[in-house]
Amino acid sequence: MSLDPETFSQVKDTVSRFVREKLIPAEDIVEESNEVPESIIQDMRDLGLFGLSIPEEYGGLGLNMSQECEVIHELCQASLSFRSVIGTTVGIGSQGLVMTGTEEQKQEYLPRLATGEISSSFCLTEPDAGSDAASLRTVAVRDGDSYVLNGTKRFITNALRAGMLTVMARTDPDKKGASGISAFLVDPKTPGVTIAKADAKMGQRGTQTSDIIFEDVRIPASALMGEKEGQGFYTAMRVLDRGRLHLSSVSTGISERIIHEALTYASERKQFGQVIGEFQLVQAMLADSQADLFAGKAMTMDAAARFDAGEEIPMLAACCKMFTTEAAGRIADKAVQIHGGAGYMSEYKVERFYRDVRLLRLYEGTTQIQQLVIARNMLKNVGN
Ligand code: COS
């Protein structure tokens with residue numbers, strides 16, 4: 001699956017224009033109001049952004065991974081909260097369904113997800129199951145033609161606006177680890193589902209995360225993704241591999257924007273009778289940031305091309321996620337430093353971006369989980 005080069009180039013140009021003309025000017029409103037204006041969400045629907053990764057036969061744009069990474073890099077030249085509106089639908093919320101759903105399940109949800117009529121959330125994390133995802137405790141007990149769900153999910157992005165939840169739950173209580181977990185497609189309006197109020201966070205204002213509580217939620221047996229029990233954890237891992245490439249592009253996109261802010265400031269701000277960009281110690285910070293950005297973009301595009309060619313990429317995706325998110329942290333830190341005292345002031349965007357990018361090293365697997373995935377794969381391949 002991929003979009004033809006000419007149409008793809010138009011999509012990319014349109015996204016760049018949208019970022020420049022609509023998103024960047026709206027950044028302050030989002031920061032102040034803690035929400036993305038409905039008019040912008042409608043623009044995103046009109047541009048087809050919710051359907052980037054959904055195959056064309058279900059109404060999406062059908063981008064391949066390389067194309068998705070390029071578009072996400074462009075989109076993330078603006079505040080990360082905008083990307084977050086479509087992020088769960090484009091990435092982890094829909095891709096399990098694309099990979100393993102039955103035709104009927106795909107027909108039920110994908111066309112509406114692609115247009116943005118509904119959006120989706122990915123429900124894996126729980127109060128006691130974060131990095132150790134396989135220890136999750138939400139249960140789905142089979143009862144005739146239904147399953148009954150009980151449990152709590154935590155930090156679920158876009159839960160408050162979701163029209164479809166991909167929920168990982170334990171169907172086999174005798175199997176403690178990965179193989180007892182199944183994935184379900186759940187309508188959040190089902191009786192017994194409670195979505196808690198949005199969490200207060202360090203940054204990314206305008207992005208909403210919440211707990212979801214399932215209390216005796218009866219869902220039809222046909223909601224079991226792929227109609228196969230015991231596949232949920234493996235699907236989640238595959239979805240996260242892909243999601244980690246998506247997030248790498250998020251990181252390189254916002255890194256490029258932060259470097260632009262630092263460079264602009266360094267070219268205008270004068271001290272000791274000259275612009276500070278002429279000082280070599282400032283140049284060193286700019287140069288390190290640019291090299292980090294170039295490396296991150298190159299590795300992400302390489303891994304995405306390999307994914308599109310059908311290669312197994314869990315280790316490479318973890319390398320990209322680890323490197324690009326850590327690089328975004330370094331770049332944001334240097335941008336604040338280049339701004340001096342001004343960098344600590346909310347009036348300048350780098351203060352906000354510094355807080356926003358802190359999340360990148362935490363969600364969809366912390367840096368330490370990426371290290372674990374990389375090293376385990378290296379050790380597995382010894383002697384091959
Ligand atoms: N693709 C497919 N299958 C995978 C896989 C992948 N990328 N990674 C692991 N698996 C399989 C393993 O092969 C193993 O299969 P068996 O049951 O047949 O043995 C199973 O999944 C369990 O894997 P493993 O033994 O490695 O599981 P662990 O519990 O030790 O750890 C980690 C797995 C830590 C990698 C996983 O829990 C993880 O990614 N945690 C972070 C979760 C996360 O990113 N949360 C963010 C929430 S979403 S915003």
Side-chain angles (χ1 to χ4, degrees), residues 65 80 83-84 86-96 99-100 119-138 151-159 162 165-172 174-183 199 201 204 207-212 225-226 228-248 250-251 303 306-307 310-322 325 358-381:
M65 198 65 224
L80 294 183
R83 193 283 321 182
S84 185
I86 61 152
T88 49
T89 301
V90 169
I92 53 181
S94 72
Q95 290 305 300
M99 287 175 191
T100 67
S119 56
S120 65
S121 292
F122 178 74
C123 309
L124 177 67
T125 301
E126 299 185 354
D128 294 316
S131 289
D132 184 7
S135 70
L136 64 82
R137 295 215 295 248
T138 295
T152 301
K153 296 290 176 180
R154 178 137 293 173
F155 307 147
I156 305 303
T157 306
N158 288 332
L165 307 171
T166 302
V167 182
M168 308 301 152
R170 198 166 288 288
T171 36
D172 189 342
D174 296 333
K175 290 187 185 153
K176 291 284 169 243
S179 61
I181 296 170
S182 304
D199 303 311
K201 303 188 301 307
Q204 297 211 12
T207 302
Q208 291 176 331
T209 66
S210 338
D211 277 9
I212 307 184
M225 195 147 73
K228 271 202 204 115
E229 284 193 3
Q231 294 303 306
F233 187 80
Y234 309 113
T235 303
M237 288 298 110
R238 286 173 56 209
V239 165
L240 282 172
D241 288 337
R242 197 184 171 290
R244 286 166 186 164
L245 290 180
H246 176 107
L247 263 187
S248 300
V250 171
S251 306
R306 289 170 189 270
F307 178 89
E311 269 185 49
E312 291 289 326
I313 50 94
M315 183 179 78
L316 297 184
C319 288
C320 292
K321 206 271 181 179
M322 176 178 79
T325 59
R358 190 63 188 82
L359 181 59
L360 299 172
R361 288 185 265 166
L362 304 172
Y363 63 0
E364 296 196 31
T366 59
T367 292
Q368 289 65 35
I369 287 297
Q370 309 311 323
Q371 289 173 320
L372 183 151
V373 171
I374 296 164
R376 278 186 184 178
N377 276 279
M378 289 168 72
L379 291 163
K380 198 170 75 185
N381 292 331

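Computed over heavy atoms, backbone and side chain alike; hydrogens, waters and symmetry mates excluded. Whatever order the structure lists them in is the order used to number ligands and atoms, beginning at 1.
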* Asked: Are more than 12 heavy atoms from other residues, nucleotides or ligands located less than 6.0 Å from atom CD of E312?
  -> no
* **Residue and atom name of the nearest protein heavy atom (relative to atom 33 (C) of ligand 1), distance in Å to one decimal** => R376 NH1, 4.1 Å
* What residue and atom, counting heavy atoms only, is the protein's closest point to atom 2 (C) of ligand 1, and at what distance? -> R238 CG, 3.9 Å
* Structure fact -> A student checking ligand 1 against G365 at a 4.0 Å heavy-atom cut-off should list atoms 43 (C), 44 (O), 46 (C)
* Asked: Among protein heavy atoms, which lies nearest atom 35 (C) of ligand 1, and at what distance?
  -> V373 CG2, 3.8 Å
* To do: List the closest protein heavy-atom neighbour of atom 39 (O) of ligand 1: residue, atom name, distance to the nearest 0.1 Å.
  => R244 NH2, 3.3 Å
* **Minimum-distance protein heavy atom relative to atom 7 (N) of ligand 1** => D241 OD2, 2.8 Å
* Give the single entry among S135, G130, S121, C123 that approaches atom 42 (C) of ligand 1 most closely by any heavy atom. => G130
* Can you tell which of Y234, Y363, F233 gets a heavy atom nearest to atom 3 (N) of ligand 1? -> Y234
* To do: Give the contacting part of L240 toward ligand 1: side chain, backbone, both or neither, where contact means a heavy-atom distance below 4.0 Å.
  => side chain
* Asked: Which distance, rounded to the nearest 0.5 Å, do you find between the CE of M322 and the CD1 of I374?
  -> 4.0 Å
* Just checking, any donor-acceptor pair under 3.5 angstrom between side chains of S119 and N158? -> no
* Asked: Tell me: protein heavy atom nearest atom 5 (C) of ligand 1, and distance?
  -> M237 CB, 3.5 Å
* Starting from atom 29 (O) of ligand 1, which protein heavy atom do you reach first, and at what distance in Å? -> A134 CB, 3.8 Å
* Asked: Is it the side chain, the backbone, both or neither of S131 that has a heavy atom closer than 4.0 Å to ligand 1?
  -> backbone
* Structure fact -> The side chain to side chain donor-acceptor pair (under 3.5 Å) partners of T171 (sequence neighbours excluded) come to S182
* Structure fact -> the protein heavy atom lying closest to atom 47 (C) of ligand 1 turns out to be T125 OG1, 3.3 Å
* Provide the closest heavy-atom pair for Q204 versus K201 in the form atom of the first, atom of the second, distance. => O-NZ, 3.7 Å
* **Location of contacts on M315 toward ligand 1, heavy atoms closer than 4.0 Å** => neither
* Relative to the heavy atoms of E364, which atoms of ligand 1 are at a distance of less than 4.0 Å? -> 44 (O), 46 (C), 49 (S)
* Asked: So which bit of F122 gets within less than 4.0 Å of ligand 1, heavy atoms only: side chain, backbone, both or neither?
  -> side chain
* Which pair of heavy atoms, one from A133 and one from I181, lies closest together, and at what distance? -> O-CD1, 4.5 Å
* From T325 OG1 over to L247 CG, what is the distance, rounded to the nearest 0.5 angstrom? -> 8.0 Å
* To do: Considering only protein heavy atoms, determine whether one is less than 4.0 Å from atom 18 (O) of ligand 1.
  => yes
* Asked: Which heavy atom of T207 sits nearest a heavy atom of S84, and at what distance?
  -> CG2-OG, 3.0 Å
* Structure fact -> Paired with E126, the salt bridge (Lys or Arg N to Asp or Glu O under 4.0 Å) test is passed by just one of K153, R154, R170, namely K153
* Nearest non-hydrogen partners of T235 and G96, listed with the distance -> CG2-CA, 3.7 Å
* Asked: Considering all heavy atoms of both residues, which atom of L165 and which atom of C123 are nearest to each other, and what is their separation?
  -> CB-SG, 4.0 Å
